[in-house]
Asker: 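Pasting in a structure now, in structure tokens, and then I'll have a few things to ask.
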Amino acid sequence: DGGITQSPKYLFRKEGQNVTLSCEQNLNHDAMYWYRQDPGQGLRLIYYSQIVNDFQKGDIAEGYSVSREKKESFPLTVTSAQKNPTAFYLCASTQLQGRDEQFFGPGTRLTVL
Amino acid sequence: AQRVTQPEKLLSVFKGAPVELKCNYSYSGSPELFWYVQYSRQRLQLLLRHISRESIKGFTADLNKGETSFHLKKPFAQEEDSAMYYCALSSTGRRALTFGSGTRLQVQP
């Protein structure tokens, strides 16, 4: 099953620790996105990147950081500054030309203990 | 600011009944609207987009700019339609999606 992968599936973190979520795609997509999903709130955009070595804040970027060193990879770091990090995190990618369907990964569920 | 509203958290219907999942949006530009679906234990995936004006799995959605709505409809619900449905709006430029809060559709036998 190619496409877009996220790891790990479940992640537990102690308060005060940073943690990095992995997102990889083999679709040759230019753009990648991180969303956070909370019950009853839909998905909210954290960060996005349209080109290697460049990224922009989304609607809820505080407490998060990203990097885009390779086209295929867009890891998300949840820092200790994020006040309420327990959530389901979804990564997505899309082409910038033509059809703009976003393809989603399976998600990572982060729980802060 | 752009916003997508799905007023129903849960919609429960019987098999064979018509279904309408409501979606309203606010956006200053020309909107691109989508419906995404998440079946149990599966990834979020695109169901349909307004530009294509297509019918997927019997579902259709018409963009009504006057009412700023993009309701999803199906004349006869099937049990396999049970899932979480999200309406989403794409902003020009960043291509990121603004999602509604989602509606869970339950189709009972």
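Every chain is numbered from 1, with letters handed out A, B, ... down the list of sequences. Since the model is a prediction, treat every value here as computed from it, not as a measurement.
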Asker: Just checking B:F14: does its CZ atom have more than 12 heavy atoms from other residues, nucleotides or ligands closer to it than 6.0 angstrom?
Answerer: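 Atom CZ in B:F14 is not packed in, count stays at 12 or less.
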Asker: Among residues at least two apart in sequence or on other chains, which ones pass salt bridge (Lys or Arg N to Asp or Glu O under 4.0 Å) with A:K70?
Answerer: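 Residues passing salt bridge (Lys or Arg N to Asp or Glu O under 4.0 Å) with A:K70: none at all.
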Asker: Between A:Q37 and chain B, which part of the residue has a heavy atom less than 4.5 Å away: side chain, backbone, both or neither?
Answerer: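 Looking at A:Q37, just its side chain touches chain B.
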Asker: Could you tell me which non-hydrogen atom of A:I4 sits nearest to which non-hydrogen atom of B:R43, and how far apart they are?
Answerer: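 It is O-NH1, 2.7 Å.
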Asker: Please flag which part of B:Q6 lies under 4.5 Å from any non-hydrogen atom of chain A: side chain, backbone, both or neither.
Answerer: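 For B:Q6, there is no contact with chain A at all, as no heavy atom is under 4.5 Å.
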Asker: Under 4.5 Å, counting heavy-atom pairs only, tell me which of A:P39, A:G107, A:G105, A:A92 racks up the most with chain B.
Answerer: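 Among the listed options, the one with the most contacts to chain B is A:G105.
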Asker: If contact means a heavy atom pair closer than 4.5 Å, which residues of residues 72-90 of chain B contact chain A?
Answerer: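 Expected list: B:Y86, B:S90.
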Asker: Grouping I, L, V, M, F, W and Y whenever their side-chain heavy atoms are under 4.5 Å apart, do A:Y48 and B:F34 come out in a common cluster?
Answerer: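 A:Y48 clusters together with B:F34.
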Asker: What pair of heavy atoms forms the shortest contact from A:G40 to B:S101, and how long is it?
Answerer: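 Minimum heavy-atom contact is O-CB, 3.4 Å.
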Asker: State plainly whether one hydrophobic cluster holds both A:V19 and A:I46, where clusters connect Ile, Leu, Val, Met, Phe, Trp and Tyr through side-chain heavy atoms under 4.5 angstrom apart.
Answerer: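 Looking at the clustering, A:I46 is in the same group as A:V19.
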Asker: Kindly work out whether a path of hydrophobic side-chain contacts (I/L/V/M/F/W/Y, heavy atoms less than 4.5 Å apart) joins A:I60 to A:F55.
Answerer: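 Yes.
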Asker: More than 12 heavy atoms of other residues, nucleotides or ligands under 6.0 Å from CD of B:E67: is that the case?
Answerer: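 Counting neighbours around CD of B:E67, 12 or fewer heavy atoms of other residues, nucleotides or ligands fall under 6.0 Å, so no.
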Asker: Within the 4.5 Å heavy-atom criterion, are B:T98 and A:L43 side-chain neighbours or not?
Answerer: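 SC-SC contact between B:T98 and A:L43 ruled out.
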Asker: In terms of hydrophobic clusters joined by side-chain contacts under 4.5 Å, are A:L21 and A:F104 together?
Answerer: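 No, it is not one cluster - the side chains of A:L21 and A:F104 are not joined through contacts under 4.5 Å.
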Asker: Considering all heavy atoms of both residues, which atom of A:Q102 and which atom of B:A96 are nearest to each other, and what is their separation?
Answerer: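 Shortest heavy-atom contact: NE2-CA, 3.8 Å.
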Asker: Name all pairs fulfilling the salt bridge (charged side-chain N to carboxylate O under 4.0 Å, His left out) condition that reach into residues 40-51 of chain A, sequence neighbours left out, sorted by first residue then second.
Answerer: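 Sorted result for residues 40-51 of chain A: A:D38-A:R44.
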Asker: First locate atom CG of B:L46, then atom CZ of A:F103, and finally report the distance between them rounded to the nearest 0.5 Å.
Answerer: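 Taking CG in B:L46 and CZ in A:F103, the distance rounds to 8.0 Å.
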Asker: Keeping the roles fixed (side chain from A:Y35, backbone from B:L97), state whether a donor-acceptor pair exists under 3.5 Å.
Answerer: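 Pair found, side chain donor or acceptor close to backbone of B:L97.
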Asker: Which residue pairs pass the disulfide bond (SG atoms under 2.5 Å apart) test with at least one member in residues 10-58 of chain A, sequence neighbours excluded?
Answerer: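 For residues 10-58 of chain A: A:C23-A:C91.
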Asker: Are B:V4 and B:Y36 connected into the same hydrophobic cluster when the rule is that any two of I, L, V, M, F, W, Y join if their side-chain heavy atoms are below 4.5 Å apart?
Answerer: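 Result: no, two separate clusters.
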